[in-house]
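This one's a predicted model, so the numbers in the text were calculated from it and none came from an experiment.
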Amino acid sequence: MAATATATDLSNLKTAVAGLDQISENEKSGFINLVSRYLSGEAQHVEWSKIQTPTDEVVVPYDTLAPTPAGATEIKNLLDKLVVLKLNGGLGTTMGCTGPKSVIEVRDGLTFLDLIVKQIENLNSKYGSNVPLLLMNSFNTHDDTQKIVEKYQNHNIEIHTFNQSQYPRLVADDFLPLPSKGNTGKDGWYPPGHGDVFPSLSNSGKLDALLSQGKEYVFVANSDNLGAIVDLKILNHLVAHKNEYCMEVTPKTLADVKGGTLISYEGRLLEIAQVPDEHVGEFKSIEKFKIFNTNNLWVNLSAIKRLVEADALKMEIIPNPKEVDGVKVLQLETAAGAAIRFFDKAIGINVPRSRFLPVKATSDLLLVQSDLYTLEDGSVIRNTARANPENPSIELGPEFKKVSNFLSRFKSIPSIVELDSLKVAGDVWFGAGVILKGKVSIVAKSGVKLEIPDGAVIANKEINGPEDL
């Protein structure tokens with residue numbers, strides 16, 4: 001598409017966008033800027049011969065970080081420099097929910113948002129600090145989130161919300177915005193990826209307000225990553241070394257197919273989200289490249305202001321083709337991790353796997369609701385009784401895809417501390433107090449309702465019908 005669109009197309013697009021009164025001037029100029037960059041075909045040309053494996057100085061092993069200061073006053077001083085920002089633009093549609101994903105109940109009746117609030121409130125109460133929580137919503141989640149945060153009014157935490165940009169989807173055929181063709185509903189628009197966090201923080205006025213309060217660092221993370229809690233060792237390291245940007249990376253497991261990798265390139269860190277096919281082999285063979293971006297990012301607020309005002313954050317553009325009511329559309333997005341190359345003294349920190357615990361599907365929900373984890377001050381803590389450092393792999397059939405269906409099929413979540421892998425498909429129902437161990441496959445034959453009785457212990461077994469129990 002970039003090759004076929006012309007200067008006339010861009011001129012027509014600008015005229016059409018100027019007439020969209022649903023979005024701000026900042027959003028209009030941001031969108032036109034993004035499309036212009038895309039059409040110019042600018043790309044990050046990486047010369048593969050110049051790629052270097054990052055040293056421990058730039059991708060710092062977590063266990064080499066200095067310990068957190070012991071005194072409560074020093075900790076309070078550290079925390080008073082910090083803001084926590086959760087990316088809250090996603091809907092729980094893949095899990096069959098209609099509102100913001102952050103209000104799905106995760107454990108003990110508490111939602112993602114409840115847990116986040118508890119964690120920060122606990123820090124503020126313990127150290128007398130004032131760490132505010134910012135929620136970056138999209139136009140999809142804004143209204144619901146505004147209602148939800150009201151319940152935290154009397155908590156020991158300041159909560160601020162702001163919206164990321166709202167951009168029009170582009171019609172692939174003629175490169176005009178979908179809303180200018182009469183599709184003015186939500187389907188005509190899209191939020192342009194979490195790379196938009198930096199300009200949106202500035203455009204909302206929140207960035208200047210935070211700087212005026214003496215805040216120095218923002219910890220950005222996905223609202224569905226239960227492992228993304230405030231880490232004082234990381235914050236202490238960044239303040240001490242005056243790092244402008246830090247990406248938490250963690251070693252890949254077999255389950256990880258997504259996630260950019262950090263490389264050293266011409267004296268800077270770069271996130272490589274996609275490795276060209278001809279270079280995949282060499283990447284796989286280098287141990288230090290077997291890490292990926294958790295999307296837990298720590299960024300200096302003054303540096304964000306400097307780079308946004310200079311319009312310097314030209315992150316790699318991710319074209320995302322979609323279809324709306326039979327019309328082929330394009331949405332252009334950016335990712336926050338790709339901004340690493342624009343910041344001075346940027347580093348990665350190779351963190352323990354426990355800091356990456358996303359809940360993207362009901363199979364993840366099963367893990368975090370099980371006896372593999374307990375809750376402590378809003379944080380999800382792993383059960384030390386599990387010997388294997390990796391979590392069991394869990395594959396649930398379509399009958400379990402929606403949260404409501406998932407919950408109805410378990411009288412209680414089975415014990416999985418000694419489980420290696422689980423596959424469940426078909427019309428399967430679990431009784432209370434079930435224990436699963438080793439490799440378990442429960443695939444009901446077509447037309448068979450398979451009920452696992454209360455208290456059943458299933459170890460290294462394949463079950464297809466009641467006769468196998």
Side-chain angles (χ1 to χ4, degrees), residues 90-112 114-115 224-226 253-258 323 357-375 380 382-383 385-386 388 390-469:
L91 294 168
T93 43
T94 51
M95 294 164 78
C97 301
T98 52
K101 191 175 178 186
S102 57
V103 299
I104 293 174
E105 284 189 10
V106 182
R107 194 178 171 108
D108 302 356
L110 299 170
T111 66
F112 289 106
D114 291 336
L115 296 177
D224 66 3
N225 180 6
L226 295 173
T253 68
L254 294 174
D256 300 310
V257 287
K258 288 187 174 179
E323 199 165 296
L357 188 60
V359 178
K360 302 290 184 194
T362 50
S363 52
D364 301 320
L365 210 49
L366 175 58
L367 287 173
V368 297
Q369 290 187 349
S370 75
D371 56 353
L372 266 185
Y373 293 95
T374 52
L375 265 190
V380 181
R382 205 159 187 272
N383 188 342
R386 180 166 173 86
N388 186 341
E390 289 191 15
N391 280 343
S393 69
I394 294 182
E395 189 185 329
L396 300 177
E399 302 81 6
F400 291 80
K401 186 178 180 183
K402 292 184 176 177
V403 174
S404 54
N405 296 346
F406 165 85
L407 293 172
S408 69
R409 287 178 177 271
F410 290 97
K411 262 200 214 169
S412 70
I413 299 294
S415 166
I416 60 172
V417 173
E418 295 180 58
L419 181 71
D420 294 322
S421 66
L422 173 66
K423 181 178 180 180
V424 183
D427 192 11
V428 180
W429 301 78
F430 287 82
V434 173
I435 298 173
L436 304 174
K437 299 181 180 184
K439 293 182 177 172
V440 176
S441 172
I442 305 171
V443 180
K445 293 173 189 158
S446 180
V448 173
K449 182 178 183 180
L450 185 49
E451 298 186 64
I452 309 299
D454 293 356
V457 179
I458 302 171
N460 293 310
K461 205 168 182 186
E462 201 170 304
I463 296 169
N464 301 115
E467 67 280 0
D468 298 324
L469 287 165

Heavy-atom closest pair (Gly438 atom, Asn460 atom, distance to 0.1 Å) is CA-OD1, 3.3 Å
Mind listing the closest non-hydrogen atom pair of Ala444 and Leu450 along with its distance? CB-CB, 3.9 Å
How far does CD1 of Ile416 sit from CG of Asn391, to the nearest 0.5 angstrom? 7.5 Å
Distance in Å, Leu366 CG paired with Ile394 CD1, rounded so as to fall on 0.5 Å steps: 4.0 Å
Measure the CZ-CG distance between Arg386 and Leu372 for me, rounded to the nearest 0.5 Å. 5.5 Å
Holding to side chain to side chain contact (heavy atoms under 4.5 Å, CB included), I want the full list of residues that pass it with Glu462, two or more places apart in sequence or in another chain. Ser441, Asn464
Sequence neighbours excluded - salt bridge (Lys or Arg N to Asp or Glu O under 4.0 Å) pairs with any residue from residues 97-109: Lys101-Asp224
Listed partners of Asn405 passing side chain to side chain contact (heavy atoms under 4.5 Å, CB included), at least two apart: Lys402
Crowding at NZ, Lys439 (>12 non-hydrogen neighbours, <6.0 Å): no
Sequence neighbours excluded, the answer for ring pair (Phe, Tyr, Trp, His ring centres under 6.0 Å) partners of Phe430 is Phe410
Looking at residues at least two apart in the chain, or sitting in another chain, which of them share a side-chain hydrogen bond (donor to acceptor under 3.5 Å, both in side chains) with Ser393? none
Heavy-atom closest pair, residues Arg382 and Asn388: NH2-O, 3.4 Å
Closest approach of Pro100 and Leu91, non-hydrogen atoms and distance? N-CD2, 4.1 Å
Minimum heavy-atom separation for Ala432 and Ser412, please, with both atom names. CA-OG, 3.4 Å
What residues form a side chain to side chain contact (heavy atoms under 4.5 Å, CB included) with Leu407, not counting sequence neighbours? Gln369, Val403
Do the side chain of Thr111 and the main chain of Asp114 share a donor and acceptor less than 3.5 angstrom apart? yes
Is any side-chain heavy atom of Val448 closer than 4.5 Å to a side-chain heavy atom of Pro466? yes
Could you tell me which non-hydrogen atom of Phe112 sits nearest to which non-hydrogen atom of Val359, and how far apart they are? CZ-CB, 3.6 Å
Using modelled atom types only, decide if a donor and an acceptor are shared between the side chain of Asn225 and the backbone of Leu357 within a distance under 3.5 Å. yes
If you look only at pairs with a residue in residues 434-469, which of them pass as a ring-ring contact (aromatic ring centres under 6.0 Å, His included), with sequence neighbours excluded? none
Let me have the donor-acceptor pairs involving side chains of residues 421-429, under 3.5 Å, with sequence neighbours excluded, atom names and distances please.
unit_1: Asp427; atom_1: OD1; unit_2: Arg409; atom_2: NH1; d: 3.0
unit_1: Asp427; atom_1: OD1; unit_2: Arg409; atom_2: NH2; d: 3.4
unit_1: Asp427; atom_1: OD1; unit_2: Trp429; atom_2: NE1; d: 2.6

Residue pairs meeting ring-ring contact (aromatic ring centres under 6.0 Å, His included), one or both in residues 441-469, sequence neighbours left out, come to none
Got a sec, which pairs hit ring-ring contact (aromatic ring centres under 6.0 Å, His included) with one end in residues 433-469, sequence neighbours left out? none
Carefully, step by step, assess Leu365 and Ile413 under the rule side chain to side chain contact (heavy atoms under 4.5 Å, CB included). CA-CA 10 Å; Leu365 210 49; Ile413 299 294; over 6 Å; no
Salt bridge (Lys or Arg N to Asp or Glu O under 4.0 Å) pairs touching residues 441-461, sequence neighbours excluded, are Lys411-Asp454, Lys445-Glu467
Could you measure the distance from the CD1 atom of Ile463 to the CD1 atom of Ile458? Nearest 0.5 Å is fine. 4.0 Å
side-chain hydrogen bond (donor to acceptor under 3.5 Å, both in side chains) involving Asp371 - partner list, sequence neighbours excluded: Ser415
Is Pro392 close to Leu367 at the side-chain level, that is, under 4.5 Å between some pair of heavy atoms? yes
Can you tell me how far the CG atom of Leu436 sits from the CG atom of Leu419, to the nearest 0.5 Å? 6.0 Å
